Amino acid sequence: MPTAHLTCSANTLRFADLPTRVSAAATAGFTGLGLRVADYLDADMADADIRDLLDRHGLRVLELEHTWDWAAGEDPVEAAMFRLADRIGVRQLNVPMFAAHPLSDLVRPFAALCDRAARHGLLVGFEFLPYSHVRTLGQAWEVVAAAARPNGGVILDLWHWFRSGAEPEDLVDIPASAITSLQLCDVLPDTGPDLADEARHRRLLPGQGAGDTLGVLGALHDRGIRVPASVEVFSDDLDALPAADAAQLAYDAGAMALDRANLSAPSWTTNLEEAR
């Protein structure tokens, strides 16, 4: 079985408590972890204890997620996000947009969010979702390009890629440096009537569904896009398994997909890497 630098997304083991999730991910072979802000706040652990837990298992936090209307201005949740980054270490914030705003009205708020994140050494990845108000790669890139912040970029989630109808040609005008990270997963053969419900309950492991995973990963390889990768599989079937089993299935599928495409997921650092 091939090995790779992979992150276990917050949503792949979404119902496991933090110690269980960390142990299962590390044992499976993951070197990174994704967290939702709620995972951090609900852990009922001191920041130093969370950091020690991650250190003992050799894990770092790649991505931090929370859904809020960042176009409406600063939100109190940002204090928790930046506290986690400053005390524990994170590489990037993952942000979609579920509130209805014209694309042109997202540019300045996205730039402002990037500026606030930059003060903590963080990247900001804009994630397009076909059931959100920024539905395509092109729309996300339009906002990121207009904001023109060095720490702002676009996240490529393969489920969203497939269900939004994206094609490798859509990457032509996007610099490789503007892609912050890759999220590996796959889709069912038929699109469900409710995309949001499908995305949150019935994703498949990468390379094990109907999506042209090798084609997309090959396009990334050809364009010189080498970014950190996570396995993000919202799946009721995975949820029903013990965390250790689900983590192992996710890691093995992600590593195999990258290996088959001859695409490497590079190592990466958090905003506190030098201090660690």
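Note that the numbering runs from 1 along the sequence shown for the chain. No experiment lies behind these values; they were computed from the predicted model shown.
Atom NE2 in His160 sits 3.5 Å away from atom CG in Leu129 (nearest 0.5 Å). Between the OG atom of Ser9 and the CD atom of Glu232 there is a distance of 3.5 Å, given to the nearest 0.5 Å. If you take CG on Leu35 and NE2 on His66, they are separated by 14.0 Å, rounding to the nearest 0.5 Å. Between Thr180 atom OG1 and Gln92 atom CD the span is 4.0 Å, to the nearest 0.5 Å. Here Gln248 contributes atom CD and Leu241 contributes atom CG; the two are 12.0 Å apart, rounded to the nearest 0.5 Å. Atom CD1 of Ile174 is separated from atom CD1 of Ile225 by 8.0 Å, given to the nearest 0.5 angstrom.
Annotation: side chain of Ile88 is not in contact with side chain of Leu272 (no heavy-atom distance under 4.5 Å). Counting only heavy atoms from C-beta outward, the side chains of Leu238 and Leu249 approach each other to under 4.5 Å. Side-chain atoms of Ser181 and Trp268, non-hydrogen and from C-beta on, never get closer than 4.5 Å to each other. Residues Leu214 and Arg260 meet the side-chain proximity criterion, which asks for heavy atoms closer than 4.5 Å. With contacts defined as side-chain heavy-atom distances shorter than 4.5 Å, the pair Ile155/Gln183 qualifies. In this structure, the side chains of Leu41 and Arg83 come closer than 4.5 Å at one or more pairs of heavy atoms. Two residues are said to be in side-chain contact when any heavy atoms from C-beta on lie closer than 4.5 Å; Arg163 and Leu188 meet this criterion. In this structure the side chain of Leu53 reaches within 4.5 angstrom of the side chain of His57, judged on heavy atoms.
Across Tyr251 and Ala4, no two heavy atoms sit closer than the pair OH-N, 2.8 Å. Taking every heavy atom of both residues into account, Gly34 and Thr7 meet most closely at N-CG2, 3.6 Å. The heavy-atom pair separating Asp157 from Arg203 by the smallest distance is OD2-NH1, 3.0 Å. Across every non-hydrogen atom of Pro228 and Leu62, the tightest pair is CB-CD1, 3.7 Å. Between Tyr40 and Ile50, the shortest heavy-atom distance links the atoms CD1-CD1, 3.8 Å. Annotation for Asn151 and Leu122: closest pair ND2-O, 3.0 Å, computed over non-hydrogen atoms.
Linking Ile, Leu, Val, Met, Phe, Trp and Tyr whenever their side-chain heavy atoms come within less than 4.5 Å puts Leu220 and Val154 in one cluster. Using a 4.5 Å cut-off between side-chain heavy atoms of Ile, Leu, Val, Met, Phe, Trp and Tyr, with links allowed through other members, Val233 and Phe15 fall into different hydrophobic clusters. Cluster annotation: Phe234 and Leu195 are assigned to distinct hydrophobic clusters (Ile/Leu/Val/Met/Phe/Trp/Tyr, side-chain heavy-atom contacts under 4.5 Å, transitive). Linking Ile, Leu, Val, Met, Phe, Trp and Tyr whenever their side-chain heavy atoms come within less than 4.5 Å leaves Leu13 and Leu6 in two separate clusters. Taking hydrophobic clusters as Ile, Leu, Val, Met, Phe, Trp and Tyr residues chained together by side-chain heavy-atom distances below 4.5 Å, Leu123 does not share a cluster with Leu156.
Salt-bridge annotation for Asp39 and Arg21: present, with a side-chain N of the basic residue lying under 4.0 Å from a carboxylate O of the acidic one.
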**Test log, rule salt bridge (charged side-chain N to carboxylate O under 4.0 Å, His left out), inputs Glu273 and Arg91** = CA-CA 9 Å; Glu273 198 68 17; Arg91 181 180 189 266; over 6 Å; no

**Message:** Run the side-chain contact (heavy atoms from CB on, under 4.5 Å) test on His201 and Ser235 for me, step by step, so that the C-alpha distance in whole Å, both residues' side-chain angles and the decisive distance to 0.1 Å come before the verdict.
**Reply:** CA-CA 5 Å; His201 296 279; Ser235 167; over 6 Å; no

**Derivation and outcome, side-chain contact (heavy atoms from CB on, under 4.5 Å), residues Leu64 and Val37** = CA-CA 7 Å; Leu64 182 61; Val37 174; 4.2 Å; yes

**Request:** Check the pair Trp68, Met81 against side-chain contact (heavy atoms from CB on, under 4.5 Å), reporting the backbone distance first and the verdict last.
**Result:** CA-CA 12 Å; Trp68 82 108; Met81 298 171 75; 3.7 Å; yes

**Item:** Steps toward salt bridge (charged side-chain N to carboxylate O under 4.0 Å, His left out) verdict (Arg202, Asp237)
**Value:** CA-CA 8 Å; Arg202 290 182 295 282; Asp237 290 339; over 6 Å; no

**Item:** Chi angles and distances behind the side-chain hydrogen bond (donor to acceptor under 3.5 Å, both in side chains) call for Asp186, Gln208
**Value:** CA-CA 7 Å; Asp186 214 327; Gln208 297 185 15; over 6 Å; no

**Message:** Checking Glu63 against Ser230 for the side-chain hydrogen bond (donor to acceptor under 3.5 Å, both in side chains) test, could you report, in this order, the C-alpha distance in whole Å, the side-chain angles of both residues, the deciding distance, and whether it holds?
**Reply:** CA-CA 9 Å; Glu63 51 199 10; Ser230 62; 3.3 Å; yes

**Residue pair Phe30, His5: steps toward the side-chain contact (heavy atoms from CB on, under 4.5 Å) verdict** = CA-CA 7 Å; Phe30 288 104; His5 288 289; over 6 Å; no

**Request:** Assess whether salt bridge (charged side-chain N to carboxylate O under 4.0 Å, His left out) is satisfied between Glu78 and Arg116, documenting all intermediate values.
**Result:** CA-CA 9 Å; Glu78 288 188 28; Arg116 295 194 297 274; 2.8 Å; yes

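Ring orientation note: the planes of Phe126 and Phe110 are close to parallel, at an angle under 30° on the 30°/60° scale.
Judged by distance alone, with hydrogens and angles left aside, the side-chain atoms of Asn271 form a donor-acceptor pair with the main-chain N or O of Val90 at under 3.5 Å. Side chain of Thr27 to main chain of Ser23: a donor-acceptor pair is present (N/O by atom type, distance under 3.5 Å, no hydrogens or angles). Side chain of Arg60 to main chain of Leu33: no donor-acceptor pair is present (N/O by atom type, distance under 3.5 Å, no hydrogens or angles). Within the 3.5 Å criterion, the main-chain N or O of Ser132 finds a donor-acceptor partner in the side chain of Arg135. Within the 3.5 Å criterion, the main-chain N or O of Ala147 finds a donor-acceptor partner in the side chain of Arg149.
Not less than 6.0 angstrom separates the ring centroid of Trp70 from the ring centroid of Phe98.
Under the salt bridge (Lys or Arg N to Asp or Glu O under 4.0 Å) criterion, the residue pairs touching residues 2-19 are Arg14-Asp236, Arg14-Asp239, with sequence neighbours excluded.
Within 6.0 Å of CZ in Arg108 there are 12 or fewer heavy atoms belonging to other residues, nucleotides or ligands.
Applying the ring-ring contact (aromatic ring centres under 6.0 Å, His included) rule to His120 yields the partners Phe82; only residues at least two apart in sequence or on another chain are considered.
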